[in-house]
Number of protein chains: 2
Amino acid sequence: MSIIAERRIREKEAMRTNILTTAWQIVTEEGWQSLSIRKIADAIQYSVPVIYDYFENKEAILLEFGKQGFEGVIAELKAAKASSADPAEQLKAIADAYWAFAFNNKEYYQLMWGMGAPSCEMDKCMPERSVFRDLVMAPMIEIIEKANHGDAENNACLKYHTFWSILHGLISIKMVAPADDTEQLNKLVLDDAITGFIKNLKS
Amino acid sequence: MSIIAERRIREKEAMRTNILTTAWQIVTEEGWQSLSIRKIADAIQYSVPVIYDYFENKEAILLEFGKQGFEGVIAELKAAKASSADPAEQLKAIADAYWAFAFNNKEYYQLMWGMGAPSCEMDKCMPERSVFRDLVMAPMIEIIEKANHGDAENNACLKYHTFWSILHGLISIKMVAPADDTEQLNKLVLDDAITGFIKNLKS
DNA sequence: TCCTTTAACCTAACAGTGTTAGCAAAAGTA
DNA sequence: TACTTTTGCTAACACTGTTAGGTTAAAGGA
């Protein structure tokens, strides 16, 4: 490949990331509802159709952010899990990390779960379900096996759904209807729910 | 008031409900994203500005549906609670009823919680928080008091948040990312989560 | 009955949105 | 230099929500 072609690819890449970072800035400053192709075009000082040379449509831009979000949260969860060898501790750490990600990256979380963000087919950028399952299922099975109740694998499947539901439920209620209670109380609710859940696994 | 004025009020009311029922039909057939003022106007065979004689703007129409949704779910919850005198049974019945409402009225639920529906300030049509609290808090306090752990009132406040989070979490995960598992398994997850939660209140 | 006021209803427009057809200029290739 | 590809633009289309302004019909008062 010629040296010129290389430069052009580099420039193309640069424009793409320029579009993305500009779009992201608009989102963080004005929210998802306020993001439009024209606003991006204005901000990067190009005409509107140029955007379409780099992204098929608006959804493609959103899906790119969705991908970033999922990759980000998965990295955090993996790090959290690695922080301990005890399965119960691992579950708690994962829950804490997930919670922290959601509130430190509200824009991502809202997009990923279609909360107030413009509707788009997030499935298209979701990682395999197995990624999340592998992270959470293993410590669960371990806990259930230690407590010796029957079919740990089957049991864990049920508990796995419950685990994510509690987490997502806690977060999305706080996000949609932010109550007037303190940060401290919120953390307490998380702790109560998750430790209660883990205790239930054991007993 | 003259007989003519009465008729006019009646007609005005009729037009309002005509707009609403027509809009609702569009929503159930094509989803929230597809609802537009022009579509409503076409369907009722009037020009667009007529809609604005009956509703201040589009959000006002959405809020009307929001109000209907909240009133509907509250009625269901009250009926569920009345089905038993045992506090634990009451909580289970409320959870079941809430779950049933969500899946029998997906359009309402999505609007009420901003899931994929057009964004609007739902606070404006939400009932007082106390309505939900009064329904759920009382049986909780009763359960905790029977089990005799310390400050039941304070404790119930924490558990109250957890209760709704679990419920909403279960529902919204199933709604956003409908898994391939059966109706039966879903019910099992609900049962597991709620009975686990109640057991935790007691022990 | 005639006149005036008010309510109902419409056309046409404004300012946005996502998206695309088609053209001009620049850049790369032979 | 001549040809081809890429790049970027203007202008438009088909939609949104919303409103200004005018017309027609109905209601109330003399």
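Just so it is clear: chains get the letters A, B, ... in the order the sequence lines come, proteins before strands, and each one is counted from 1. Quick caveat, the model's predicted, so the values are computed rather than measured.
Helix bend of the helix from C:dC2-D:dG29 to C:dA30-D:dT1: the angle between its two end axes, each built from five pairs, comes to 20° after rounding to 10°.
Here the side chain of A:Glu145 pairs no donor or acceptor atom with the backbone of A:Ala152 at under 3.5 angstrom. Between the side chain of A:Trp32 and the backbone N or O of A:Glu107 there is at least one donor-acceptor pair closer than 3.5 Å. Under the 3.5 Å distance criterion, the side-chain polar atoms of B:Asp151 are matched with a main-chain donor or acceptor of B:Asn154.
Closest approach to the B:Ile37 side chain among C:dA27, D:dG17, C:dG18 is made by D:dG17 (side chain taken as heavy atoms from C-beta onward).
Following rounding to the nearest Å, A:Lys39 (NZ) and C:dA15 (C1') show an atom-to-atom distance of 13 Å. Rounded to an integer number of Å, the gap from CG of A:Leu62 to C1' of C:dT17 is 14 Å. In this structure, CD1 of A:Ile9 is placed 13 Å from P of C:dG28, rounded to the nearest angstrom. Counting to the nearest Å, the C1' atom of D:dT16 and the CD atom of B:Glu59 are 16 Å from each other. Whole-Å rounding puts the A:Ile44 CD1 to D:dG8 P distance at 9 Å. Nucleotide C:dT19 holds its C1' atom 12 Å from the NZ atom of A:Lys58, rounded to whole Å. The distance from atom OH of B:Tyr52 to atom P of D:dT19 is 7 Å, rounded to the nearest whole Å. Remark: P of D:dT16 and CD1 of B:Ile51 are 13 Å apart, rounded to the nearest angstrom.
Around CD of A:Glu29, the count of heavy atoms belonging to other residues, nucleotides or ligands within 6.0 Å exceeds 12. Counting heavy atoms of neighbouring residues, nucleotides and ligands inside a 6.0 Å radius, atom CD of B:Glu153 does not exceed 12 of them. Atom NZ of B:Lys78 has 12 or fewer heavy atoms from other residues, nucleotides or ligands within 6.0 Å.
Salt bridge absent: A:Lys187 and A:Asp191 never bring a charged side-chain N and a carboxylate O closer than 4.0 Å. A salt bridge links A:Glu11 to A:Arg7: at least one charged side-chain nitrogen sits closer than 4.0 Å to a carboxylate oxygen. Looking at B:Asp42 and B:Arg38, no side-chain N of the basic residue comes within less than 4.0 Å of a carboxylate O on the acidic one, giving no salt bridge.
Nucleic acid contact class of A:Leu35 (heavy atoms, under 4.0 Å, all strands): sugar-phosphate only.
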* Reading nucleotides 8-14 of chain C from the 5' end, what letters show protein touch, with B for base, S for backbone sugar-phosphate only, - for no heavy atom under 4.0 Å? -> SSBB-B-

